[in-house]
Amino acid sequence: MATTKELSVEDKLRALYDLQIIDTRIDEIRNVRGELPLEVEDLEDEVAGLSTRLEKLQLDLVTIEDSIKAKKVAIENHSAAIKKYSEQQLEVRNNREFNSLSKEVEFQELEIQLAEKQIKEMKASIEHKKEVISGSKERLDQKSSHLKHKKAELNDIMSETQKEENFLNEKSAEYEGMIEARLLAAYKRIRSSVRNGLAVVSIERGASAGSFFTIPPQVQVEIASRKKIITDEHSGRILVDASLAEEEREKMEKLFSKM
């Protein structure tokens, strides 16, 4: 194979147009997938987020239930203390001891009231969290089902196109290797700056493909001579003559048919 430096201008133009055909075919394959890969990625993130939130809610539920159990134990302890202080009141020898025990009983009763109030609030919180958990589970199931459907859809497309795309990517790299770095950089720069990714286009009806701006006859003659790289002054695209384009399209179709 000729080295990059040995290529004539015509050979460079052919290599560039071949690369454009290959890259356009890759673009078409990726367009078939469209936004599916991004949709799958977004759904995976959403499912992961919902799963994490659900786990946290369920842990919160366990924590609250443990707190209720602890409060119930505390109530039992306070009740036992009331019983103890009440029995002690029967054996006191003066009003000071009786009043002291009465304050202890009153304190324990207040503690029971507080614990019962907290239990009531925590039970209400549990009911609310259960509703949120139920809604979160339903949403997670829906999103998981949607993700499964989208993944299957993407896998179907990938299984149909992956072999072809791998082949084309190899060919794209092969043809890039035939083009000098400066010219390849220009090709990639133009490709990234135009919506349809066409950096190399042929002359059609006196204008560059996809453009309404007529190319002067003298410039068309220069393009057809294949002696230098010429770009469209309006779009910046590299131009090739229609005959060269047709020849390369036929050549590349034969290459693609071998896949």
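Note that the structure is predicted; figures quoted are calculated from it, not measured. Side chains included, hydrogens not; waters and symmetry mates left out as well; all remaining heavy atoms used.
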Where is the tightest heavy-atom contact between [X] and [Y], given as atom of each residue plus distance?
{"X": "Ala207", "Y": "Ile215", "value": "C-CD1, 4.0 Å"}
{"X": "Ala15", "Y": "Met178", "value": "CB-CE, 4.4 Å"}
{"X": "Pro37", "Y": "Gly34", "value": "CD-O, 3.6 Å"}
{"X": "Ser208", "Y": "Leu239", "value": "CB-CD2, 3.4 Å"}

Before you tell me yes or no, could you show the steps for Glu104 and Ser100 under side chain to side chain donor-acceptor pair (under 3.5 Å), namely the whole-Å CA-CA distance, both residues' side-chain angles and the distance that decides it to 0.1 Å? CA-CA 6 Å; Glu104 288 293 341; Ser100 177; 5.5 Å; no
Under the side chain to side chain contact (heavy atoms under 4.5 Å, CB included) test, residues paired with Arg139 that sit two or more places apart: Glu46, Leu50, Lys143
Checking [X] side chain against [Y] main chain: does a donor-acceptor pair fall under 3.5 Å?
{"X": "Ser145", "Y": "Gln142", "value": "no"}
{"X": "Gln20", "Y": "Val200", "value": "yes"}
{"X": "Ser134", "Y": "Glu131", "value": "no"}

What's the spacing between [X] [atom1] and [Y] [atom2] if we round to 0.5 Å?
{"X": "Asn77", "Y": "Lys84", "atom1": "CG", "atom2": "NZ", "answer": "10.5 Å"}
{"X": "Glu44", "Y": "Leu147", "atom1": "CD", "atom2": "CG", "answer": "5.5 Å"}
{"X": "Met158", "Y": "Arg33", "atom1": "CE", "atom2": "CZ", "answer": "4.5 Å"}
{"X": "Leu183", "Y": "Glu180", "atom1": "CG", "atom2": "CD", "answer": "5.0 Å"}
{"X": "His128", "Y": "Ile133", "atom1": "NE2", "atom2": "CD1", "answer": "10.0 Å"}
{"X": "Ser79", "Y": "Glu76", "atom1": "OG", "atom2": "CD", "answer": "7.5 Å"}

Does this structure show an ion pair linking [X] with [Y], if we count only N-O contacts that are shorter than 4.0 Å?
{"X": "Asp27", "Y": "Arg191", "result": "yes"}
{"X": "Glu165", "Y": "Arg30", "result": "yes"}
{"X": "Lys228", "Y": "Glu222", "result": "yes"}

Identified side chain to side chain contact (heavy atoms under 4.5 Å, CB included) partner of Glu250 from the options Glu253, Glu246, Glu247: Glu246
Carefully, step by step, assess Leu168 and Phe256 under the rule side chain to side chain contact (heavy atoms under 4.5 Å, CB included). CA-CA 8 Å; Leu168 292 170; Phe256 296 156; 3.4 Å; yes
Taking side chain as C-beta onward, heavy atoms only, is Leu54 less than 4.5 Å from Ser51? no
Side-chain heavy-atom pair Arg249, Ser202 within 4.5 angstrom cut-off: yes
Using the rule given for side chain to side chain contact (heavy atoms under 4.5 Å, CB included), can you reason through Ile75 versus Ile119, listing the C-alpha separation, both sets of side-chain angles and the distance that settles it, and then say yes or no? CA-CA 10 Å; Ile75 288 173; Ile119 287 173; 3.7 Å; yes
Pairs in or reaching into residues 106-130: which pass salt bridge (charged side-chain N to carboxylate O under 4.0 Å, His left out), with residues at least two apart or in two chains? Asp60-Lys129
Do you see a donor-acceptor pair shorter than 3.5 Å between the side chains of [X] and [Y]?
{"X": "Glu170", "Y": "Asn166", "value": "no"}
{"X": "Asp23", "Y": "Tyr187", "value": "yes"}
{"X": "Thr231", "Y": "Arg237", "value": "no"}
{"X": "Asp232", "Y": "Ser235", "value": "yes"}

Under the side chain to side chain donor-acceptor pair (under 3.5 Å) criterion, do Ser172 and Asn169 qualify, and how do the steps go? CA-CA 5 Å; Ser172 180; Asn169 281 328; 5.8 Å; no
Which is it for Glu10 and Lys227 under the salt bridge (Lys or Arg N to Asp or Glu O under 4.0 Å) test, yes or no, and what are the steps along the way? CA-CA 7 Å; Glu10 180 174 340; Lys227 299 298 182 184; over 6 Å; no
What residue pairs, at least two apart or across chains, pass side-chain hydrogen bond (donor to acceptor under 3.5 Å, both in side chains) with a residue in residues 87-97? Gln89-Ser102
